[in-house]
Amino acid sequence: MFATDSKVVQLGKYNVQQGQSSVSGLSSGAFMTVQLHLAHSASFVGAGIIAGGPFRCAETFPGAAPVAEDAFIQNSLYICLNPLVPQTAPNAEHLARLARQTAAAGEIDPVEHLADDRVYIFTGSKDEVVFSDTVARTKRFYELLGIKAEHIDYDDTVPAGHSIITRNPEDSPLGTNQPPYINQGDFIQSHRVLGHIHGKLNPPSERPSGRLVRFDQREFLDFLDDDDKNARRDSMSDYGYAYIPKAVEDGEPARVHIALHGCKQGYNYVEYTNGRRDTQNAPPYGNRYVTTTGYNELADSNNFIILYPQAEGTDNGYTQNPEGCWDWWGYSSANAQRPDYYSRNAIQIRAIHDMLKRLGG
Amino acid sequence: MSFYESITAAVPPAFQNPVTQRLDSLGQLCSQSVSRQWNNGLTAAAALPSLATPDTLYEAWALQLAVWQRLQKQGEQWWNGLAAIGAERGELRRANTLSKFFEQEYNLYAQFGELVSGQFTNLLELMDNIQVDYGYWIAQKVHAAHAATEARPHDGVSSTRTRKPAVENAA
């Protein structure tokens, strides 16, 4: 367990090895992981996708509705999350072509940077939120973009519900699909993610000596114009967190890993009950994703900085994201006809990558 | 500006109050649903005779089965929800205050209301799910059939025209 003091610090610069960073996430954090990985593939050596779909999945079937915004949401719900059969899951070939076109247009890094990357992909066989048929297409998508088969660790063998898996006794039973989407199994999934991407690592620290710092995310959103700020298109919380090992603070070389929570997992998530923010009954789990998922212990013994950006719920008539998900269907785009939630210029991707740059990555 | 936005913009400002806008939104979604259903039907009617291969028929059957399984699961949730409310009623003991009595009664009605609303929402969601997935599936089939037709060699007939490359999957 980790505690932060009450200070809000500015994210600092460390002796970070450039181009050696990685990213992982659960659910909407996994969809965002894929987007971030592709948008900035030159910065990353790999990605961990726990229950996530392929790049621009929400644009699989534009014919779903005559209004583009409706089609994105309907695609995300009925093709990306809950396809009825494997044949109605996202089309990996189409989305891989779309990724190449997006790279050719200069909106994301060239996909050639992905060639040597290592990717961990997981789907629980009891997941009822992001169906396994979709996650299987994520594997195919990465293969089509040239990632070697031996660099992909694809695991669909665990009878887990929609969750990141830990060994913590207070977490939910393995097969459940319920908030906070942190389930108890017989392994620590964050360690598998980091181990697969970065190779052999030191065992996790039993008594980590680093600090969990709270930083102001708003300084990374200064580029927003007033309209976007008022509409809360960023849907990001005021604060984010970062775990900084002691050795890294003392100047040792470090790598950065970005850990993205899923929907309903941000530190200030508040349930919308009958369409109204239910502040009287805020969920009690706060920042459990930051403190109990096992990233920090492994980071401590291997000089990883773990960056935990935070998204929050927004449902104001402009931005429809009541569950505090990362944007993978376009809610942060002002123009639904030309959505930009996946490129280097997307609000959330730009802000998170600026955080990475600030750290030195 | 989209088709629907241009219609909305044409509505006089006096009628652009929140209630009208909500009704407009409901109207748009209902007409989308009907047009999607209609479009799926027409496309299927036009395309299925040429697509009636064993694979396609099997996939169509699998789609029907998936829908049936979702309905069955929803039915289970309904009966489980009712059973839970019934069990809770059975466990209620006497209340010490009038306010507690009404709170206990209201809680049961609220739970029932939530169950009904959940079932209704899930049913509408399933309806959308079926329409979108079925439309997507049939669009892929039609596109694959067109691509196959364009790629088919014309035996015995030489052509000086360059054949267009087969476009891969639709979507």
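To find a chain, count down the sequence lines: A is the first, B the second, and so on, and within it residues start at 1.
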*Short question: side chain of A:Asn345, backbone of A:Glu107 - any donor-acceptor pair under 3.5 Å?*
no
*Using 4.0 Å as the upper bound for N to carboxylate O, is an ion pair formed by B:Arg89 and B:Glu105?*
yes
*Over 12 non-hydrogen atoms of neighbours within 6.0 angstrom of NZ in A:Lys148*: yes
*Between A:Glu143 and A:Lys139, is there a salt bridge with N-O shorter than 4.0 Å?*
yes
*Plane angle bin for A:Tyr181 and A:His162 - parallel if under 30°, tilted between 30 and 60°, otherwise perpendicular*: perpendicular
*Measure up the A:Tyr341 and A:Phe72 rings against each other and bin them: parallel (under 30°), tilted (30 to 60°), perpendicular (over 60°).*
perpendicular
*What part of A:Pro90 lies closer than 4.5 angstrom to a heavy atom of chain B: side chain, backbone, both or neither?*
backbone
*asked:* For the interface with chain B, which of A:Val85, A:Thr88, A:Leu77 has the highest count of heavy-atom pairs at distances below 4.5 Å?
replied: A:Thr88
*asked:* Checking an interface table here. Which of residues 61-78 of chain B come within a heavy-atom distance under 4.5 Å of chain A?
replied: B:Ala62, B:Leu63, B:Ala66, B:Val67, B:Arg70, B:Lys73
*Contacting region of A:Ala336 [heavy-atom separation from chain B under 4.5 Å]*: neither
*Passes side chain to side chain donor-acceptor pair (under 3.5 Å), A:Asn321 versus A:Ser235? Steps please.*
CA-CA 7 Å; A:Asn321 179 33; A:Ser235 206; 2.9 Å; yes
